[in-house]
Q: 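If you scroll down you'll find the structure; I have some questions about it.
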Amino acid sequence: MTAMDVPTVFVVDDDAGVRASIQGLLKSAKLRCASFGTAEEYLRSKPPEGPSCLVLDVSLPGVNGLDLQRELADAGVRIPIIFITGHGDIPMTVKAMKSGAVEFLTKPFRDEDLLDAIRQALDRDRVARQQQSSLAELRKRYDKLTAREREVMGLVVSGMLNKQIAFDLGTSEITVKIHRGHVMRKMQAGSLADLVRMAAKLELSPGKK
């Protein structure tokens, strides 16, 4: 297992006893853990290479849990969050969940409830990372297309026939077929359906370069 595969659970809670308790639980579940007493300490830490999640206390000195959730979202950090609190209320829970939290647990919570939430969060992060990796690979292929090949790809996935594309671009049907072949090869698409799915993932609109 490489560093890219090893999951890390980050714990942010200003109560040292709670941190120690969660660390012990995670150790028994054979999960790697890094803990912090404040949001600021967590923000200074190195981003993980592998799947991760954040067990986050709502009431923290300085930047509180909900503020940290918002800061991370604004920065484009999509780490799954499990909130824990000693005095949660309904509006707070709703706000956290609407902002994408995996779970909101009120202390004292059962060990199994926390572990279940952590497993769910790590699974969610693994899927998201796989999707990001797949999309990055797709973008690399797309970036290798020439401007004309991108144009042809956009028109092909919009459903136009070769002769229609040739007319639209003011070129010959044979030239369009050549460009289309280059697009299929460079994008590693086995069929038109494959190419359409790739264009959807890249969020290409018809004819977009």
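What you see below is based on every heavy atom in this structure, not just the backbone, and it leaves out hydrogens, waters and symmetry mates.
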Q: Between H182 and E149, is there a side-chain donor-acceptor contact under 3.5 Å, judged purely by atom types and distance?
A: yes

Q: Testing V102, L68, I82, T8 for side-chain contact (heavy atoms from CB on, under 4.5 Å) with L54, which one passes?
A: L68

Q: Could you tell me whether a side-chain N or O of R141 sits under 3.5 Å from a main-chain N or O of K186, the two making a donor and an acceptor?
A: no

Q: The test is side chain to side chain contact (heavy atoms under 4.5 Å, CB included); show your working for T85 and L105 and say whether it passes.
A: CA-CA 7 Å; T85 179; L105 300 173; over 6 Å; no

Q: How long is the gap from CG on L56 to CG on D13, to the nearest 0.5 Å?
A: 8.5 Å

Q: Quick one, R148 with E151, criterion salt bridge (charged side-chain N to carboxylate O under 4.0 Å, His left out). Give me CA distance, side-chain angles, the key distance, then yes/no.
A: CA-CA 5 Å; R148 180 45 66 97; E151 214 169 359; 3.1 Å; yes

Q: Testing the basics here: between A39 and V63, what is the closest heavy-atom pair and its distance to 0.1 Å?
A: CB-O, 3.6 Å

Q: Taking the side chain as everything from C-beta on, heavy atoms only, tell me whether I118 gets closer than 4.5 Å to V55.
A: yes

Q: What residues form a salt bridge (charged side-chain N to carboxylate O under 4.0 Å, His left out) with R185, not counting sequence neighbours?
A: none

Q: Test L72 against Y42 for side chain to side chain contact (heavy atoms under 4.5 Å, CB included), laying out the working first.
A: CA-CA 11 Å; L72 292 172; Y42 167 72; 4.1 Å; yes

Q: Quick one: pull up CD in Q131 and CG in L138 and give me the separation to the nearest 0.5 Å.
A: 12.5 Å

Q: Could you tell me whether the side chain of M153 reaches within less than 4.5 Å of the side chain of M187, counting heavy atoms only?
A: yes

Q: Taking only Lys NZ, Arg NE, NH1 and NH2, and the carboxylate oxygens of Asp or Glu, determine whether E40 and R44 approach each other closer than 4.0 Å.
A: no

Q: Near K107 NZ, under 6.0 Å, is it more than 12 heavy atoms from other residues, nucleotides or ligands?
A: yes

Q: Find out if a path of hydrophobic residues (ILVMFWY) with successive side-chain heavy-atom gaps under 4.5 Å connects F104 to L114.
A: no

Q: For residues 62-81, pull every pair meeting salt bridge (Lys or Arg N to Asp or Glu O under 4.0 Å), keeping only residues two or more places apart or in separate chains.
A: D67-R70

Q: Carefully, step by step, assess R119 and D116 under the rule salt bridge (charged side-chain N to carboxylate O under 4.0 Å, His left out).
A: CA-CA 5 Å; R119 290 184 188 112; D116 283 347; 3.5 Å; yes

Q: Without swapping roles, check the side chain of D57 against the backbone of L60 for a donor-acceptor pair under 3.5 Å.
A: no

Q: Does some side-chain heavy atom of I84 sit less than 4.5 Å from a side-chain heavy atom of F109?
A: yes

Q: When rounded to the nearest 0.5 angstrom, what is the spacing between CG in N64 and OG1 in T38?
A: 12.5 Å

Q: Which pair of heavy atoms, one from K177 and one from N162, lies closest together, and at what distance?
A: CG-ND2, 3.4 Å

Q: Main chain of S134, side chain of E137: is a donor-acceptor contact present, judged purely on distance under 3.5 Å?
A: no

Q: Taking the side chain as everything from C-beta on, heavy atoms only, tell me whether I165 gets closer than 4.5 Å to T171.
A: no

Q: Could you check whether R126 pairs with D123 (Lys NZ or Arg NE/NH1/NH2 to Asp/Glu carboxylate O, under 4.0 Å)?
A: yes

Q: Mark yes or no for whether S158, through its side chain, and L155, through its backbone, hold a donor-acceptor pair below 3.5 Å.
A: yes

Q: Determine the minimum heavy-atom distance between L192 and M184, stating which atoms define it.
A: N-CE, 4.0 Å

Q: On a heavy-atom basis, which atom in G100 and which in Q69 lie closest, and how many Å separate them?
A: N-NE2, 4.2 Å

Q: Is it the case that atom NZ in K95 sees more than 12 heavy atoms from other parts of the structure closer than 6.0 Å?
A: no

Q: To the nearest 0.5 angstrom, please state how far the OG atom of S59 sits from the CG atom of D14.
A: 8.0 Å

Q: Working to the nearest 0.5 Å, report the span between OG of S172 and CD1 of I178.
A: 7.0 Å

Q: Taking C-beta and beyond as the side chain, do D194 and R197 meet within less than 4.5 Å on heavy atoms?
A: yes

Q: Locate the shortest heavy-atom distance separating P7 from R32; write the atom from each residue and the value.
A: O-CB, 3.5 Å

Q: When you compare the side chain of V11 with that of Q23, does any pair of heavy atoms fall below 4.5 Å?
A: no

Q: Side chains of F10 and C53: closer than 4.5 Å at any heavy-atom pair?
A: no

Q: Mark yes or no for whether D125, through its side chain, and S52, through its backbone, hold a donor-acceptor pair below 3.5 Å.
A: yes

Q: Count I, L, V, M, F, W, Y as connected when their side-chain heavy atoms are under 4.5 Å apart, and connections chain through other members. Are V77 and L43 then in the same cluster?
A: yes

Q: Are V58 and M97 joined in one hydrophobic group, where the rule is that I, L, V, M, F, W and Y side chains link up if heavy atoms are under 4.5 Å apart?
A: yes

Q: Can you check whether R129's main-chain N or O pairs, donor with acceptor, with Q132's side chain at less than 3.5 Å?
A: no

Q: Should L66 and F83 count as side-chain neighbours, where that means a heavy-atom distance under 4.5 Å?
A: yes

Q: Show the nearest heavy-atom pair for residues R19 and F36, with the distance to one decimal.
A: CD-O, 3.3 Å

